[in-house]
Protein chains: 2
Amino acid sequence: MAAAFSVEGVEGLPEISAGDDLAAIIAGAAEFADGDILVVTSKIVSKAEGRVVEASDREDAITAETVRVIATREFEGHITRIVENRQGIVGAAAGVDASNAPDGTVLLLPVDPDASARDLATGLRALTGARVGVILSDTLGRPWREGQTDIAIGAAGVHVFDDLRGGVDASGKPLSVTMPCVADEIAGAGELVKGKSSGVPLAIVRGLGRYVGDLDLPGARSIQRPSERDLFRQGADEAYDDGYRAGFDEAQAEGSLRERPDFE
Amino acid sequence: MAAAFSVEGVEGLPEISAGDDLAAIIAGAAEFADGDILVVTSKIVSKAEGRVVEASDREDAITAETVRVIATREFEGHITRIVENRQGIVGAAAGVDASNAPDGTVLLLPVDPDASARDLATGLRALTGARVGVILSDTLGRPWREGQTDIAIGAAGVHVFDDLRGGVDASGKPLSVTMPCVADEIAGAGELVKGKSSGVPLAIVRGLGRYVGDLDLPGARSIQRPSERDLFRQGADEAYDDGYRAGFDEAQAEGSLRERPDFE
């Protein structure tokens with residue numbers, strides 16, 4: 001039998017407010033079995049955690065959530081800010097979102113999405129008796145591809161990678177660098193039933209129990225590439241400008257007769 | 001009823017060789033119904049199209065498939081080349097792959113993955129009578145996230161985006177920039193059953209018929225961001241170095257008394 005799985009949206013959830021017990025609400029809205037993976041739109045976690053600020057502060061909120069600006073550019077009157085946010089995620093607008101937020105407000109991401117996922121998985125396992133995994137998803141753009149996909153910003157009780165390094169392919173050759181990020185793929189699959197306009201914030205993925213594990217597995221933070229391995233830690237324009245200034249200053253400091261240093 | 005879909009791997013395919021009629025082979029290996037989406041690992045399309053070269057030419061093959069080098073860096077003795085390939089896709093190694101290739105060879109991507117997808121969808125629709133969509137998938141890394149996900153490098157008979165621009169969210173607010181790339185999310189869902197080591201090159205996605213459409217819909221090439229909207233068309237180091245050289249030369253040409261020009 002070939003592998004198979006299913007993804008189903010969960011409807012009928014009440015509007016979530018600060019202080020709500022999400023695990024209890026979700027356990028009451030759906031059935032869970034061992035090996036199920038719950039994909040939760042991070043927005044409802046933000047709402048339960050009270051991560052809501054006044055909409056008039058949207059730009060301030062983005063700035064406050066930003067650890068590092070990577071690139072800024074204006075397209076058609078709209079300024080795009082690609083930043084690293086407090087959660088370590090690189091994306092537009094630091095995860096600050098006005099859509100699906102209560103009127104006059106914007107939503108911030110959960111402070112620690114892996115901890116939120118762990119709380120939810122712990123609660124769901126206790127309430128349902130089922131060994132479930134939890135992925136918190138958010139919608140992110142990509143540098144070289146149009147549109148967005150949902151990715152895992154938090155995870156608990158799920159292997160975020162299917163680590164094939166050291167394994168072999170079907171013809172016996174080593175899969176030396178292959179490490180599919182299954183958590184991101186599962187988050188994307190969840191988006192296909194949750195949708196942005198439907199108000200369905202949950203999806204249950206059944207049949208991928210091989211990726212479900214203990215609650216102390218590494219979370220989605222482990223997906224973030226460390227800066228020493230990041231070839232795109234700055235936008236091309238920003239890096240060029242920094243280089244230009246450095247080169248200009250260096251040439252002036254050295255006087256105009258010195259050869260430009262050669263470097264790779 | 002909440003939305004739901006299923007993903008199933010298709011086993012039992014013979015080893016594919018140059019000149020094979022993929023549509024006929026696939027139509028013989030699985031049942032199709034209207035609205036099904038077939039996710040095909042691009043490798044078997046490459047094999048059917050004879051896109052195989054001698055392994056001794058791997059580095060040459062990468063160079064030949066490269067249109068533009070974006071970033072190069074050595075990590076732990078392994079050189080990573082991020083390039084734009086002939087298909088317009090930005091990724092490592094230009095899509096040249098040694099895994100799952102016949103011994104002593106490497107596989108190149110199909111010359112025109114959208115055309116390959118269209119041929120396959122046309123053939124499958126004719127052979128099965130079912131209105132199916134086809135996505136050709138490949139495995140790609142991401143600049144800021146570890147691991148890889150499968151994405152759509154070719155598509156036919158499928159809407160690659162769920163274009164929500166101009167629509168509203170569940171609370172009635174405009175979804176001004178939201179355009180989920182469902183083709184990439186479906187490709188990723190397919191990877192979860194196909195796997196890298198299992199030798200399962202096909203997945204059938206059932207229940208997402210709302211994304212299936214005519215064969216002349218825009219293909220996966222429409223997902224590629226045009227260069228004028230690309231903030232990361234060069235690696236940070238490469239852009240810095242180019243800027244440094246330009247700034248140094250400019251300062252020398254102008255003489256050492258001129259102020260460094262200020263620019264944003």
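Below, chain A is the first sequence line, B the second, and so on; all start at residue 1.
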Colleague: Report the option among B/Ala71, B/Ser6, B/Pro143 that has the most heavy-atom pairs separated by less than 4.5 Å from atoms of chain A.
Modeller: B/Pro143
Colleague: As a quick check of understanding, evaluate salt bridge (charged side-chain N to carboxylate O under 4.0 Å, His left out) for B/Asp162 and B/Arg210, giving each step before the final call.
Modeller: CA-CA 10 Å; B/Asp162 186 0; B/Arg210 64 184 177 282; 5.7 Å; no
Colleague: Applying side chain to side chain contact (heavy atoms under 4.5 Å, CB included), can you list everything that pairs with A/Asp97, at least two apart in sequence or on another chain?
Modeller: A/Lys43, A/Ser99
Colleague: Please report the shortest heavy-atom distance between B/Leu107 and B/Ser46, naming the atom on each side.
Modeller: CD2-CB, 4.2 Å
Colleague: Among the options B/Ser227, B/Ala203, B/Ala189, pick out the one with the most heavy-atom pairs lying under 4.5 Å from chain A.
Modeller: B/Ala189
Colleague: Measuring only between side-chain heavy atoms, which start at C-beta, is B/Ile153 closer than 4.5 Å to B/Ile89?
Modeller: yes
Colleague: Top residue by heavy-atom pair count (under 4.5 Å) with chain A, among B/Gly235, B/Gly9, B/Cys181?
Modeller: B/Cys181
Colleague: Is a donor from one side chain sitting under 3.5 angstrom from an acceptor on the other, for B/Asp184 and A/Thr149?
Modeller: no
Colleague: Check side chain to side chain contact (heavy atoms under 4.5 Å, CB included) between B/Ala236 and all other residues, then give those that pass, not counting sequence neighbours.
Modeller: A/Arg233, A/Gln234, A/Ala239
Colleague: Within the structure provided, determine whether A/Val158 and A/Ile37 are in side-chain contact (heavy-atom separation under 4.5 Å).
Modeller: yes
Colleague: Counting heavy-atom pairs under 4.5 Å with chain A, which one of B/Val160, B/Asp230, B/Ile223 comes out on top?
Modeller: B/Ile223
Colleague: Which region of A/Arg206, side chain (C-beta onward) or backbone (N, CA, C, O), has a non-hydrogen atom less than 4.5 Å from a non-hydrogen atom of chain B, or is it both or neither?
Modeller: neither
Colleague: If I measure from the heavy atoms of chain A, does B/Ile82 come under 4.5 Å with its side chain, its backbone, both, or neither?
Modeller: side chain
Colleague: Looking at B/Met179, B/Arg229, B/Arg145, B/Glu84, which makes the most heavy-atom pairs under 4.5 Å with chain A?
Modeller: B/Arg145
Colleague: Which answer fits B/Phe161, side chain, backbone, both or neither, if we ask what part of it has an atom under 4.5 Å from a heavy atom of chain A?
Modeller: side chain
Colleague: May I ask you to name which of B/Gln224, B/Glu238, B/Arg73, B/Glu15 has the most heavy-atom pairs under 4.5 Å with chain A?
Modeller: B/Arg73
Colleague: Given a strict heavy-atom distance threshold of 4.5 Å, which part of B/Arg221 is in contact with chain A: side chain, backbone, both, or neither?
Modeller: neither
